[in-house]
Asks: 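Below: one structure in structure tokens.
To find a chain, count down the sequence lines: A is the first, B the second, and so on, and within it residues start at 1.
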Amino acid sequence: MFRPAAREVVKIPTRFFSCKSEPTRAAPAKKSTRKELAGLIPAFPEIYPDFLQSPVWNRRNALKEELERQDMLERRMNIDIPEFYVGSIVAVTSSDRNLGSKEHRFVGICIRREKEGLLHQFTLRNTIENIGVEVMYDMYNPTIKKIETLKLEKRLDSDLTYLVDALPEYSTFDFHMEPQAHPAGTPIPVNEVKVKLKNPPWTRRWEILSYRGIEDTWTQATPWFKRKLHKTLVNDYEKYDLIANYRTGSTKEQEVFVQEQMQKFEKERHAAGLTRRRILKSAASHK
Amino acid sequence: MANLPSSSGMLSRLLSNVFNTSIASRCSASGRWWPQPEYELSKHRTRAPSMGIHRRTRLNVVDNSALGKEADTTGKLPYCIHVYKQGRRAKHMPHAELGDKILVAIRGQMRKAYVVGANTHAHYRKHGVPVTDKNMIVLLDEEGNPLGNRITAPIPTKLMANRGSVQFSKVLALANKYI
């Protein structure tokens with residue numbers, strides 16, 4: 001099931017009541033947790049979306065997640081899967097038996113990351129000789145030899161599918177691009193570019209969908225779609241749905257639990273002496 | 001000839017109005033590449049990528065054959081009319097994917113073609129198989145040999161798996177760039 005873009009939930013201010021006769025029922029004072037110091041990452045869902053639980057509540061299964069997690073961590077010990085976001089430029093080298101060199105390299109901008117667990121996929125887009133090409137890769141597929149992040153950055157949206165209808169210059173990246181190192185400890189840069197679309201017709205109704213990275217869709221949209229707007233079902237209220245956010249999203253407890261599992265796994269492997277590779281890391285925090 | 005200045009004047013004014021409308025050069029959903037006047041612009045979006053190539057799917061010819069070039073310049077793209085494949089769709093012809101042979105209607109004639117680039121829907125994509133924005137074909141003649149002698153667009157390396165087939169290997173020989 002394809003995971004919808006992370007819900008933007010409107011934060012409704014809650015009041016903490018403190019009652020003089022029952023001081024124990026007062027709101028707990030915010031204390032800095034010891035967990036923060038233990039090497040856990042606050043931005044865990046963004047950096048490791050594959051370790052999150054299924055957005056479908058009834059498909060969440062602790063045993064399945066545990067088994068998949070073990071396999072995922074094994075794979076991460078064998079190959080370096082770097083941190084990248086939607087909007088980063090990534091190069092993937094996979095093995096291809098049809099080629100003489102047996103290696104196939106593709107460079108592109110990551111336009112989406114979907115699914116949880118071992119099925120986690122990401123799609124790269126590039127324009128080759130004026131033809132837009134998208135390649136979907138399963139992150140944990142063993143035929144992938146190397147994943148490199150050539151440029152680590154984020155965009156205004158978590159899903160750049162609109163690049164299909166955008167002008168080709170927004171999807172063109174040099175195959176022989178030099179990797180740009182991200183200085184450790186600095187926050188991930190957000191590229192606030194607003195993409196210009198080609199003339200309509202488009203593959204989706206961009207003028208209705210709320211994507212922040214597209215420039216001025218409304219003036220370009222054709223009159224027929226504008227007249228149709230009042231009949232279109234636009235579900236703006238979904239961002240206020242707290243229950244849906246709870247059902248599809250992840251809790252802090254779950255994130256902490258998964259990170260502790262990862263740390264335990266790392267420790268065991270380092271103790272065994274075969275590898276010193278670190279799995280749980282964040283480019284935005286100090287080493 | 002008896003002149004009817006009022007009616008001919010009106011007619012010519014009407015005609016000039018028609019041709020003076022702002023003609024925006026648009027990639028039209030009706031498949032025509034020459035500029036379309038705004039009031040005739042199709043209200044339908046370009047067809048969202050479907051599960052595969054089927055009857056009536058318009059395709060772009062990427063070899064340098066004369067037939068392909070004519071189809072492209074006149075704006076009437078070739079469209080699929082048959083898929084040579086054993087499929088499992090109930091009462092329907094199977095969809096054509098990357099590497100399948102199809103029959104296309106082009107410039108009033110029927111020609112066989114191989115699909116060298118498919119716009120597969122996101123839910124039907126496979127790991128490592130490139131998906132292009134346009135559906136691309138290479139035309140074949142009556143004997144099954146490619147019509148052109150060069151393929152202008154880059155084609156996926158997955159097609160090299162069909163090296164065994166005599167017909168397809170002739171098409172692969174023409175390709176010079178692989179994605």
Asks: Under 4.5 Å heavy-atom distance to chain B, tell me which part of E129(A) shows up: side chain, backbone, both or neither.
Replies: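 Only the side chain of E129(A) comes within 4.5 Å of chain B.
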
Asks: Of the backbone (N, CA, C, O) and the side chain (C-beta and beyond), which part of L124(A) lies under 4.5 Å from a heavy atom of chain B, both, or neither?
Replies: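 Neither the backbone nor the side chain of L124(A) comes within 4.5 Å of chain B.
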
Asks: Can you tell me how far apart OH (Y114(B)) and CD1 (I102(B)) are? Round to the nearest 0.5 Å.
Replies: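 Those atoms lie 11.5 Å apart.
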
Asks: Is it the side chain or the backbone of K158(B) that comes within 4.5 Å of chain A heavy atoms, both, or neither?
Replies: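 The backbone, not the side chain.
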
Asks: Please check if atom CD in E178(A) has more than 12 non-hydrogen atoms from other residues, nucleotides or ligands closer than 6.0 Å.
Replies: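 No.
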
Asks: Any idea how F51(A) and Y48(A) line up, ring-wise: parallel (<30°), tilted (30 to 60°), or perpendicular (>60°)?
Replies: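 The arrangement is perpendicular - the two ring planes meet at more than 60°.
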
Asks: Heavy-atom count check: over 12 atoms from other residues, nucleotides or ligands less than 6.0 Å from N130(A) CG?
Replies: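 Count not over threshold, so no.
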
Asks: Which bit of I131(A) comes within less than 4.5 Å of chain B, counting heavy atoms only: side chain, backbone, both or neither?
Replies: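 Contact with chain B involves the side chain of I131(A) alone.
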
Asks: If you compare all heavy atoms of E153(A) against all heavy atoms of S88(A), which two are closest, and at what distance to 0.1 Å?
Replies: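 In this case the closest contact between E153(A) and S88(A) is O-OG, 2.8 Å.
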
Asks: Can you tell me if R105(A) has over 12 outside heavy atoms packed within less than 6.0 Å of its CZ?
Replies: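 Buried by this count: over 12 neighbours within 6.0 Å.
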
Asks: Name the member of D133(B), T132(B), L159(B), T157(B) that forms the most heavy-atom pairs with chain A at distances under 4.5 Å.
Replies: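 The answer is D133(B).
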
Asks: Heavy-atom cut-off 4.5 Å, strictly under: side chain, backbone, both or neither for T127(A) against chain B?
Replies: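 It is neither, since no heavy atom gets under 4.5 Å.
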
Asks: Under 4.5 Å, counting heavy-atom pairs only, tell me which of R163(B), K126(B), M160(B), H127(B) racks up the most with chain A.
Replies: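 The residue among R163(B), K126(B), M160(B), H127(B) with the greatest pair count is H127(B).
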
Asks: Is it the side chain or the backbone of T143(A) that comes within 4.5 Å of chain B heavy atoms, both, or neither?
Replies: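 Only the side chain of T143(A) comes within 4.5 Å of chain B.
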
Asks: Going by the angle between their ring planes, with limits at 30° and 60°, are Y137(A) and F122(A) parallel, tilted or perpendicular?
Replies: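 Taking F122(A) first and then Y137(A), their aromatic rings sit tilted (interplane angle of 30° to 60°).
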
Asks: Quick check on V129(B) against chain A: is it the side chain, the backbone, both or neither that has a heavy atom closer than 4.5 Å?
Replies: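 Contact with chain A is through the backbone of V129(B) alone.
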
Asks: Which region of D96(A), side chain (C-beta onward) or backbone (N, CA, C, O), has a non-hydrogen atom less than 4.5 Å from a non-hydrogen atom of chain B, or is it both or neither?
Replies: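 The side chain, not the backbone.
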
